[in-house]
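In what follows, a single structure is set out as structure tokens and then discussed.
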Amino acid sequence: MLKGRVFEHYNEFQLESGQYLPGFQLFYTTWGTLNADKSNVVWVCHALTGNAFVKDWWDGLFGEGKTFDPSKDFIVCANTLGGCYGSTGPLSLNPDSGKPYYHAFPTLTNRDVVRAFDLLREHLEINQFKVLVGGSLGGQQALEWAVQHPGVTRQLVLVASNARQTPWGVALNETQRMAIEQDVTWQLNTDAAGISGMKTARAIALLSYRSYSAYNRSQREKSLERIDQFRAASYQKHQGEKLAQRFNAFSYWHLTKMMDSHNVGRGFGSVEAALQRLKAETLVVGVDSDILFPITEQRFMARSIPDSNFQVIRSVFGHDGFLLETDQLKDILDNFLQKKQQRKTWIPTVF
Ligand SMILES: CC(=O)SCCNC(=O)CCNC(=O)[C@H](O)C(C)(C)COP(=O)(O)OP(=O)(O)OC[C@H]1O[C@@H](n2cnc3c(N)ncnc32)[C@H](O)[C@@H]1OP(=O)(O)O
Ligand SMILES: N[C@@H](CCO)C(=O)O
């Protein structure tokens, strides 16, 4: 049975930025039963707007008879710090002031988040995961965790992710935050501050999550006569509205900042040196049409990680292919986890 729980950390939690959280909570789910020698743990890190309910967004991979099977595996997923699905985030009460943090929420990095996750791991008395898996921001966190604690997992799966945020990624995120800043409500201390700006931010982000071909496929006009009210326009608006129903601009702001500061090489002299620390057998997966995290990024990781394997999902969906192409991803994962595939399968880059 899937269970949701809250882990409370009552002590001051120092952050890379020099700021601190007076304490924090992590909302997490467990699914399945931890076996006697605790060797069946699958820990999942979610993407930017994801949550701890893996079946909400990776249904094709999790469940009875699927790649990660709760009848055999003990599946754990925690909502990221800074998020808005039960873990401490900008709308949480600041114990120092008794009010929500809002604009006073501190800057978080992926390194801070995985330190928090690691405290939860210790609390659960788990020494080592069978598999640590994450996509996009979740892949960044999984990688950061494995760099900081090379023994934390036996196998590591990084999907549509990277080792260091690129200038392109920062520029896309900054443009989205500019949209939030343009919202006149953004400076308010209310839950809904900046929400119109966040709708625009999501619409901008969608352009980097999908592709020219994906829009052609799903939003092409059927009428030759139309001169306004285009399908692609209402799609952009719908996507913004949809996110506004389930997210807030403060978390969006902080999680995009977290992504921007991602750099596993910090403190190790180089990104390559950090990746060389990895001990886990690693699978790196990219999506061939991803313009946000192009497959050159995953190829670089696979080349630098000692025991690594590289596979590509063929898709028109772009970055979001990692969530939408679960049949392909399932095959890739099953082959890797069952050790059937050839080692080091290099696909020539098209970028
Ligand atoms: C409570 C929760 O929802 S938790 C979900 C947690 N979320 C995550 O983990 C984030 C990861 N998930 C995602 O990013 C997304 O859900 C994805 C990528 C998996 C799928 O994206 P979707 O937006 O569902 O797919 P798609 O791009 O096909 O869009 C379909 C939606 O657009 C609507 N749509 C399509 N074309 C148009 C159009 N021309 N005009 C208006 N709306 C349109 C569809 O009606 C549908 O709306 P609905 O989702 O409200 O039913
Ligand atoms: N669709 C993903 C994009 C970021 O990977 C999300 O909303 O989290």
Side-chain angles (χ1 to χ4, degrees), residues 46-51 53 55-60 83-85 91 135-137 160 166 168-188 190-257 259-260 287-294 313-329 350-351:
H46 67 72
L48 182 74
T49 71
N51 57 30
F53 292 92
K55 272 192 87 63
D56 278 5
W57 44 274
W58 249 352
D59 185 40
C84 56
Y85 290 112
L91 302 197
S136 194
L137 175 72
T166 58
W168 172 245
V170 172
L172 280 159
N173 283 339
E174 182 64 19
T175 307
Q176 292 165 48
R177 289 188 296 268
M178 284 163 69
I180 293 173
E181 285 168 18
Q182 293 301 312
D183 183 331
V184 289
T185 68
W186 173 234
Q187 288 312 320
L188 301 177
T190 64
D191 288 11
I195 205 76
S196 288
M198 191 194 73
K199 293 178 192 175
T200 307
R202 181 66 164 180
I204 295 167
L206 247 286
L207 302 176
S208 70
Y209 297 160
R210 301 301 169 90
S211 70
Y212 172 84
S213 301
Y215 276 79
N216 268 346
R217 183 183 281 200
S218 72
Q219 303 302 324
R220 191 183 281 281
E221 293 300 326
K222 294 183 175 85
S223 162
L224 282 176
E225 312 307 324
R226 191 175 292 281
I227 58 169
D228 198 0
Q229 310 292 325
F230 294 106
R231 295 178 70 201
S234 77
Y235 176 70
Q236 293 300 94
K237 288 206 165 68
H238 179 77
Q239 290 290 339
E241 294 292 340
K242 194 168 132 180
L243 188 69
Q245 299 301 315
R246 66 177 182 88
F247 224 73
N248 70 78
F250 293 98
S251 282
Y252 199 91
W253 176 277
H254 279 280
L255 298 187
T256 55
K257 282 278 188 188
M259 205 179 242
D260 288 356
V287 182
D288 61 356
S289 54
D290 189 340
I291 58 165
L292 181 59
F293 294 82
I313 295 170
R314 310 275 171 201
S315 177
V316 296
F317 290 120
H319 178 67
D320 268 347
F322 85 95
L323 293 161
L324 296 167
E325 304 281 8
T326 44
D327 286 351
Q328 278 188 63
L329 185 54
V350 291
F351 295 94

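Predicted model only: the values in this text are computed from it and were never measured. Throughout, residue positions are numbered sequentially from 1 according to the sequence presented.
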Ignoring hydrogens and angles, tell me if any N or O in the side chain of [X] forms a donor-acceptor pair with the backbone of [Y] under 3.5 Å.
X	Y	result
Asp183	Ser196	yes
Asp288	Ser315	yes
Ser211	Phe317	no
Thr190	Ala193	yes
Trp57	Phe53	yes
Arg202	Glu241	no
Trp168	Ile291	yes
Asp320	Leu323	no
Gln328	Arg314	yes

Heavy atoms only: give me the nearest [X]-[Y] pair and the separation to one decimal.
X	Y	answer
Ala179	Ile204	CB-CD1, 4.3 Å
Leu206	Tyr235	CD1-OH, 3.6 Å
Asn51	Asp56	ND2-OD2, 3.2 Å
Arg226	Ser223	N-OG, 3.4 Å
Arg231	Arg220	NH1-O, 2.6 Å
Phe250	Leu188	CZ-O, 3.8 Å

Student check: side-chain heavy atoms of [X] and [Y] closer than 4.5 Å:
X	Y	answer
Trp186	Met198	no
Ile195	Thr185	no
Tyr252	Gln176	yes
Gln236	Tyr215	yes
Gln239	Tyr209	no
Val287	Glu325	no
Arg177	Asp260	yes

As an exercise, state the distance from [atom1] of [X] to [atom2] of [Y], rounded to the nearest 0.5 Å.
X	Y	atom1	atom2	answer
Leu48	Leu243	CG	CG	8.5 Å
Thr49	Tyr85	OG1	OH	6.0 Å
Leu137	His46	CG	NE2	7.5 Å

Counting heavy atoms not belonging to Phe230, are there more than 12 under 6.0 Å from its CZ?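 Enclosed: over 12 neighbouring heavy atoms sit under 6.0 Å from CZ of Phe230.
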
Please determine whether the number of non-hydrogen atoms from other residues, nucleotides or ligands lying under 6.0 Å from atom CZ of Arg246 exceeds 12.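 More than 12 heavy atoms, drawn from other residues, nucleotides or ligands, come within 6.0 Å of this atom.
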
Check the orientation of Phe322 and Trp58. Use parallel for under 30°, tilted for 30 to 60°, and perpendicular for over 60°.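 If you compare the ring of Phe322 with that of Trp58, the planes turn out perpendicular.
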
Hey, mind stepping through Leu172 and Met259 against side chain to side chain contact (heavy atoms under 4.5 Å, CB included) and telling me if it holds? CA-CA 11 Å; Leu172 280 159; Met259 205 179 242; over 6 Å; no

Under 3.5 Å, is there a donor-acceptor pair linking the side chains of Ser136 and His319?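 The criterion, which ignores hydrogens and geometry beyond distance, is satisfied for His319 and Ser136.
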
